[in-house]
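Reckoned from all heavy atoms, side chains included, excluding hydrogens, waters and symmetry mates. Being a predicted model, the structure only gives us computed values, none of them experimental.
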Amino acid sequence: MLTARKRTRRTVAVLAAVLAGALVMAGCGGGGDEAGDGRTLKLWHYEAPNSAMGIAWKQAIEEFKKSHPGVTVKVEEKGFEQVQKTASMVLNSGDAPDLMEYNKGNATAGLLSRQGLLTDLTPEVTKRGWDKPLSDGVRTTSRYDAQGVMGSGNWYGIPNYAEYTMVYYNKALFERYRVKVPATFDEFTAALKAFRAKGVTPLASAGAEYPAHQYLYQLALSKADRSWVDAYERYQSEPDFHDAAWTYGATTFADWVKKGYIAKSSSGAKAEDAGASFIAGKYPMFFSGSWWFGRFRSEMKDQWGTFRWPGSRLTLGSGGNLWVVPKGAKNKELAYDFIDITMKKGIQNTLGNHGGVPVAADASAITDPKSKTLIQDFTAYSEGDGLAFYPDWPVPGFYDTLVSETQKLISGSAEPDAYLDALEKAYDAGAPKG
């Protein structure tokens with residue numbers, strides 16, 4: 001019988017993204033939907049127009065217009081947090097879009113599916129083969145059971161991209177200080193020591209948002225396995241917050257702060273501060289997600305590279321945000337057709353060549369060397385069952401707990417045991433009782 005921990009819902013807290021400016025693209029002709037006029041596709045997404053997804057989806061809209069003459073595509077301007085806070089209310093009204101990008105996880109897409117607000121896409125998945133290019137790790141956040149728990153049940157969302165974390169490094173700083181780019185964890189810690197010995201803080205971080213606790217979670221993952229992840233993220237057994245993996249993550253992170261590998265002043269920094277400081281050349285390395293890739297390529301030119309976290313089979317990552325079709329959508333067939341276009345090779349190749357992680361691209365069509373490495377590394381994680389989701393997912397409010405408690409580790413106002421006690425208390429409190 002499942003404990004309360006295993007049945008708990010997960011929440012996802014992420015940074016707000018900016019929606020591409022309102023696009024209204026009209027064509028000519030079009031078939032109809034029984035529920036709507038068949039002449040308008042109302043689409044919500046919150047990707048910046050210069051992001052890989054924004055660029056790829058703009059191309060998808062153009063292709064959709066050609067194949068659906070007479071259909072108008074209306075992309076409404078919404079912010080990420082606005083969608084997060086109002087989705088249930090809007091989808092319960094007559095103003096639901098036909099298709100929208102929505103975050104994955106139990107407390108987001110899972111919650112909406114449990115509330116009956118999303119269309120079960122399983123028949124379309126079977127009909128159109130959307131599942132075929134998706135690895136098991138990417139599929140996990142697309143399917144939800146009757147309780148809204150990810151990993152099994154019906155398909156309520158389709159990701160057409162993926163995401164994961166890696167170490168970004170500044171080539172110029174490695175060359176200037178004559179530090180070897182690490183290939184093993186011992187070499188990684190040697191690089192941290194070498195930079196610090198020369199007065200350089202090696203790791204960009206941010207305690208006021210996600211980067212700091214993602215360092216700690218990655219350290220724990222390096223000592224964990226899939227069953228550990230399933231216990232913590234999917235409630236398949238009870239996690240032990242004082243086991244070897246969690247203890248290693250907390251103690252090593254605290255030790256790195258004491259040694260100056262992570263600045264104590266980063267306690268109040270936000271993710272943007274960390275990324276901008278890395279771009280400016282203040283820090284040699286920054287561990288974070290593929291969502292930074294396009295920006296670094298644009299703003300740092302060729303002065304950077306990436307490598308996988310050494311010595312770990314697991315890393316933070318999952319399928320990307322989902323295309324979901326609201327239960328009250330008026331033109332569902334148009335929504336299905338648009339999803340189908342975003343899964344085609346042409347769109348996938350565009351996404352891959354602009355710094356995204358496509359799920360169904362033609363490898364030979366990806367010409368940018370860094371993008372090739374990005375996709376190859378993701379494929380290695382995905383095929384090796386190495387995607388371990390994100391640390392803030394398990395219970396409501398856990399993101400805030402991770403932020404505040406990790407700040408205490410950085411400032412030295414809490415020891416690792418107290419930190420882990422606090423995580424365990426919040427995890428247990430967030431689980432529904434009974």
message: salt bridge (Lys or Arg N to Asp or Glu O under 4.0 Å), that's the test. Do E47 and K58 meet it? Break it down for me.
response: CA-CA 11 Å; E47 302 294 340; K58 181 178 179 182; over 6 Å; no
Taking [X] for the side chain and [Y] for the main chain, is one N or O donor matched with an acceptor at less than 3.5 Å?
{"X": "S266", "Y": "A269", "value": "no"}
{"X": "N331", "Y": "L41", "value": "no"}
{"X": "Q348", "Y": "N160", "value": "yes"}
{"X": "R139", "Y": "D131", "value": "yes"}
{"X": "T119", "Y": "P326", "value": "yes"}
{"X": "R143", "Y": "Y156", "value": "no"}
{"X": "Y210", "Y": "S288", "value": "no"}
{"X": "K332", "Y": "K327", "value": "yes"}
{"X": "E405", "Y": "T401", "value": "no"}
{"X": "D273", "Y": "K270", "value": "yes"}

For a quick test of reading the model, state the closest non-hydrogen atom pair linking [X] to [Y] and the distance between them.
{"X": "P211", "Y": "S205", "answer": "C-OG, 4.3 Å"}
{"X": "P394", "Y": "P391", "answer": "CD-O, 3.2 Å"}
{"X": "M100", "Y": "A87", "answer": "CE-CB, 4.3 Å"}
{"X": "P310", "Y": "F185", "answer": "CB-N, 3.4 Å"}
{"X": "I410", "Y": "A212", "answer": "CD1-CB, 4.0 Å"}
{"X": "G148", "Y": "S113", "answer": "CA-OG, 4.2 Å"}

- request: Apply the test side chain to side chain donor-acceptor pair (under 3.5 Å) to residues T184 and D186: give CA-CA distance (whole Å), side-chain angles for both, the deciding distance (0.1 Å), then the verdict.
  value: CA-CA 5 Å; T184 67; D186 285 345; 5.4 Å; no
Among side-chain atoms of [X] and [Y], is any donor-acceptor pair under 3.5 angstrom?
{"X": "S382", "Y": "S135", "answer": "yes"}
{"X": "Q214", "Y": "T165", "answer": "no"}
{"X": "T122", "Y": "D120", "answer": "yes"}

Nearest-0.5 Å distance that lies between atom [atom1] in [X] and atom [atom2] in [Y]:
{"X": "W291", "Y": "F296", "atom1": "CH2", "atom2": "CZ", "answer": "11.0 Å"}
{"X": "S318", "Y": "M150", "atom1": "OG", "atom2": "CE", "answer": "8.0 Å"}
{"X": "L91", "Y": "L117", "atom1": "CG", "atom2": "CG", "answer": "5.5 Å"}
{"X": "Y144", "Y": "N154", "atom1": "OH", "atom2": "CG", "answer": "12.5 Å"}
{"X": "M53", "Y": "L351", "atom1": "CE", "atom2": "CG", "answer": "6.5 Å"}
{"X": "N353", "Y": "K370", "atom1": "CG", "atom2": "NZ", "answer": "14.0 Å"}

Does any part of the side chain of [Y], heavy atoms only, come nearer than 4.5 Å to the side chain of [X], both counted from C-beta?
{"X": "D377", "Y": "M166", "answer": "no"}
{"X": "S142", "Y": "P159", "answer": "yes"}
{"X": "T40", "Y": "V73", "answer": "no"}
{"X": "F174", "Y": "K171", "answer": "no"}
{"X": "Y169", "Y": "F286", "answer": "no"}
{"X": "H213", "Y": "Y399", "answer": "yes"}
{"X": "I347", "Y": "I341", "answer": "yes"}
{"X": "W304", "Y": "T306", "answer": "yes"}

Between [X] and [Y], does at least one N-O distance fall below 4.0 Å, as a salt bridge requires?
{"X": "E63", "Y": "K66", "result": "no"}
{"X": "E163", "Y": "K104", "result": "yes"}
{"X": "D95", "Y": "K42", "result": "no"}
{"X": "D145", "Y": "R114", "result": "no"}
{"X": "R226", "Y": "D385", "result": "yes"}
{"X": "D340", "Y": "K344", "result": "yes"}

task: Starting from the C-alpha separation in whole Å, work towards a yes-or-no answer on side-chain contact (heavy atoms from CB on, under 4.5 Å) for S290 and L374.
output: CA-CA 8 Å; S290 50; L374 177 77; 4.1 Å; yes
query: side-chain contact (heavy atoms from CB on, under 4.5 Å) between E101 and L322: does it pass, once the steps are laid out?
result: CA-CA 5 Å; E101 177 188 10; L322 304 172; over 6 Å; no
Criterion side-chain contact (heavy atoms from CB on, under 4.5 Å) on V75 and I61, from CA distance to verdict: CA-CA 10 Å; V75 181; I61 290 171; 3.8 Å; yes
message: Quick one, Q115 with S88, criterion side chain to side chain donor-acceptor pair (under 3.5 Å). Give me CA distance, side-chain angles, the key distance, then yes/no.
response: CA-CA 8 Å; Q115 292 174 333; S88 292; 3.1 Å; yes
task: Before giving the answer on salt bridge (Lys or Arg N to Asp or Glu O under 4.0 Å), spell out for D302 and R297 the whole-Å C-alpha distance, their side-chain angles and the decisive distance to 0.1 Å.
output: CA-CA 7 Å; D302 195 41; R297 187 174 69 169; over 6 Å; no
message: Please report whether the ring centroid of Y161 lies less than 6.0 Å from that of W323.
response: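 They do not qualify: ring centres at least 6.0 Å apart.
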task: Given side chain to side chain donor-acceptor pair (under 3.5 Å), test Y419 with T406 step by step and report yes or no.
output: CA-CA 7 Å; Y419 173 84; T406 305; 3.1 Å; yes
task: Show the numbers, then the answer: is there a ring pair (Phe, Tyr, Trp, His ring centres under 6.0 Å) between W309 and F287?
output: CA-CA 8 Å; W309 187 276; F287 174 71; 4.9 Å; yes
Cation-pi, W246 ring and K223 (6.0 angstrom, 45 degrees): no
task: Test R308 against V167 for side-chain contact (heavy atoms from CB on, under 4.5 Å), laying out the working first.
output: CA-CA 6 Å; R308 297 171 60 181; V167 181; over 6 Å; no
message: Does F389 form a ring pair (Phe, Tyr, Trp, His ring centres under 6.0 Å) with Y232? I'd like the steps, not just the answer.
response: CA-CA 10 Å; F389 315 120; Y232 176 64; over 10 Å; no
message: For L203, run the side chain to side chain contact (heavy atoms under 4.5 Å, CB included) check against W256, F278, F195, Y283 and tell me which one passes.
response: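 Option passing the side chain to side chain contact (heavy atoms under 4.5 Å, CB included) with L203: W256.
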